[in-house]
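One structure below.
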Amino acid sequence: MRIKKNIAVSDTGFLFNPSTGDSYSVNPIGMDIVQLMKLNKENDEIKKAIMNDYFCDDATFEKDFYDFTMVLRNYKLLDDE
Amino acid sequence: MAKKIYERPIIRPLNTGMMNKFGTRTEYLPVTHIDGVSVKSLIKQYGSPLFVFSERQMRENIRFAKRTFETRYPKVQFAWSYKTNYLNAICNVYHQEGSWAEVVSRFEYDKAINNGVPGDKIIFNGPDKTDEDLRVAIKNNSPIHIDHLDELYRLTDIATEMKVKPRVAIRVNMDTGIYPMWDRFGFNYETGQAWDAINKILASGKLDLVGLHTHIGTYMLTPSAYGVAAAKMADLALGIKNKYDTVIQYIDMGGGFASQNTLKGSFLKGSDIVPPISEYAEVICTALLNAGFKNTELPTLYLETGRALIDNAGFLLGSVIANKRLSDGRKATILDFGVNILFTSFWYDHKISPAQEFGMHTEDTVLYGPLCMNIDVIRENISLPPLNAGDQVVVHHTGAYTVTQSMQFIALRPAVVMIDLMGKPHVIKKKESLKDLEKNEEMPEFLKQFKLV
Ligand SMILES: Cc1ncc(COP(=O)(O)O)c(C=O)c1O
C-alpha cells in the first residue's frame, strides 16, 4: 500500500492533497505509519517497525492498522485504486 | 530507546471553515477523578457502568440557589422536586439543607413521608390523585395543588365528608411569551379558568386557599418568562385579597431553570448560553416585590427547582466495549451504557470525557450504547481521542431525570454511588439483579415445564 506520490507530508503531523486542496491532521503514530508507507515499505515491515517503537500487541495493531488504511483509502490518499 | 505508549493511529480532515468563534472544543480533556476519587478505582470497586453523585456539588448548588433568592426576597422556601431524582439519599441531602418535598404521585408522597418529611411540608402536585391519596394528604395537612375541576369537586366532597378544611392551591398555566405554552396542567390565566376555580373555592368555603402554583416549563432558557409569570401570579393574589379579603400565603413558581446541558441541535454549548440562577431570581423577586403587596402580606416564594440543583452533581461512568467502522466511513464506538439508563441523551448532547490521558489528536465518532436496538445512540457525533476497548469515559451533567427515568430494558441497571464531603464513596443504590427483576413475576403451574427436542 502506498500513499499517493503527490500527497505532501509535513513533519508536524499534517497531510495535504494538492489535487483536492484537502488537508488532514494525523497523530504521531499515524505519522510514523504514513512516513513508512511513503518509503514504500510492505505491511509486514511497517508492523515490525511500529511494534519495535511502541508498546502494543500484534492483534491490536493489525486491527488498528487495517482500520487506518481503510480511512486513508476512504479519503483517497492511497495509490492502490 | 524506551518504547512509546501506544495510541491507535488516526487521521482526520481539517475543516477550516467549521471552527466556531469559541475555537475548538475542549470536550476531550480527560477527567480522571471525581471529587478526588479516581474513575478507575470507582469502576473497579462498583462495576461499569456506574452513576456517581457528588454530595459537595449538590450542597453547593442548593446553598448558592438559596443565597441567590434570599438576598433578593425575604421569604423563600425550596421544595425538592422528587421526580428529578428520588433516590432517598439524594432527597435527604436537600432535606438536610432545608428543602421541603414536592411530589406528583402517591408513591413519591409516601417516599417523602418515609424519609421523615412532615406532612405539612410535602407539596402534593400532579393531575392524578385518587380519593384515597387526597384523604391521606388532608390528614397530614399537606398543601394540595389542584390540577383540574374534577379534582376540585372531588376534594370538596371529601373535605365535606371529613369535616375538615384542607389547605389547597390551584395550579395556574399562562402565556409567558414562551412557545410551546404548557397549558395541559392547571387552570388557564388568560381565559379566566383560574378565576373560575378561585371563585368556586372561595364561594364554597370548604377549602382553605393558601397558595397559587405555576410551573411554566422545563429547561427554560428565557428568564424574562418567569418575570411575566410572577407578575400574573401576583395579580391573581392581589385580586383575591381585593375580592375576598383573603391573603394568599405563598406563590409557588415551580421549577424549570435550565441546567448546563446542551440541547440537541443547539450550535452553542449549554455552558455558554444557560442563564445563571441569579437572572431567574432577579426577575421573579423584582416582579413580586413591585406587585403592590403590603409588607405584612408579602407571600412566601416557593421554588420547586429540580434539574438546576442536581444535573452537574451527577456523572455516569462507563467503558468502551468495541470500536468499528461504519459503511460510510464514520468511526463508531460502542459503550457499555445505553439510552435505557441515559434517557436524557434523546434531547441532550451530553458532554463526554475520556477518563485517561491521551495525545491531542481526536477523531469524530458515533457513540452507541450496548442495546441491540437501533435507537441506542448516545451521541450522533462527538470528537474524542482514539478510545480503545476497555478504556473508560465520564458522562457529565447526568444528575437530573436519569436515575428516575431509567428503564430496565435488555440490561440491568447499574449501582449508584455518592461521594461524601470527605471523598468517601457510599453505595446509595445497589446494582440491579435478576432476582430483583423477577421478584414480582409469577409462573402458572401449567407453564413450569417444557421439553425441547
Ligand atoms: C410541578 C413541577 N415542579 C417542578 C419540576 C422540576 O422541574 P425542573 O427539573 O425543570 O426544575 C417539575 C418538572 O417538570 C414539575 O412538573
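What you see is a predicted model, and the numbers here were worked out from it, not measured in a lab. Convention: sequence-line order gives letters A, B, ...; per-chain numbering from 1.
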Practice task
Evaluate whether atom NZ of A:K48 has more than 12 neighbouring non-hydrogen atoms of other residues, nucleotides or ligands under 6.0 angstrom away.
Solution key: no
Handout entry: Atom group of B:I5 that falls short of 4.5 Å from chain A, counting heavy atoms
Key = backbone
Completion exercise
In terms of heavy-atom contacts, A:M51 and B:K3 come closest through O-NZ, 2.9 Å
Exercise for the section: For chain B, find its close neighbours in residues 29-38 of chain A: heavy-atom separation under 4.5 Å, sorted by number, or none. Expected result: A:I29, A:G30, A:D32, A:I33
Exercise for the section: In plain terms, say whether A:D67 and B:K324 are close enough for a salt bridge, that is, a side-chain N and a carboxylate O under 4.0 Å apart. Expected result: no
Exercise for the section: Could you walk me through whether B:I11 and A:F68 pass the side-chain contact (heavy atoms from CB on, under 4.5 Å) test, one step at a time? Expected result: CA-CA 8 Å; B:I11 172 167; A:F68 186 62; 3.7 Å; yes
Fill in the blank from the handout: Only one of B:E7, B:H361, B:R12 passes side-chain hydrogen bond (donor to acceptor under 3.5 Å, both in side chains) with A:N27, and that residue is B:E7
Practice task
Output, in order, the C-alpha distance, side-chain angles, deciding distance and verdict of side-chain contact (heavy atoms from CB on, under 4.5 Å) for A:D64 and B:Y6.
Solution key: CA-CA 11 Å; A:D64 292 344; B:Y6 178 79; 2.7 Å; yes
Exercise for the section: Step through the shown structure and confirm whether more than 12 heavy atoms of other residues, nucleotides or ligands are within 6.0 Å of CZ on B:R325. Expected result: yes
Problem - CD (A:E45) with more than 12 external heavy atoms under 6.0 Å - result: yes
Problem - Crowding at OH, A:Y66 (>12 non-hydrogen neighbours, <6.0 Å) - result: no
Handout entry: NZ (B:K424) with more than 12 external heavy atoms under 6.0 Å
Key = no
Problem - Steps toward side-chain contact (heavy atoms from CB on, under 4.5 Å) verdict (B:K4, A:Y54) - result: CA-CA 5 Å; B:K4 293 181 250 184; A:Y54 291 87; 3.6 Å; yes
Exercise for the section: Look up atom CZ in B:R8 and atom CZ in A:F65, then write down how far apart they are to the nearest 0.5 Å. Expected result: 15.0 Å
Exercise for the section: Please check if atom CG in A:N6 has more than 12 non-hydrogen atoms from other residues, nucleotides or ligands closer than 6.0 Å. Expected result: yes
Handout entry: Under 4.5 Å from any heavy atom of chain B - which part of A:F61
Key = both
Exercise for the section: Decide if atom CG of A:D57 counts as having more than 12 heavy atoms of other residues, nucleotides or ligands within a radius under 6.0 Å. Expected result: yes
Fill in the blank from the handout: Honestly, the part of A:Y75 sitting under 4.5 Å from a heavy atom of chain B is side chain
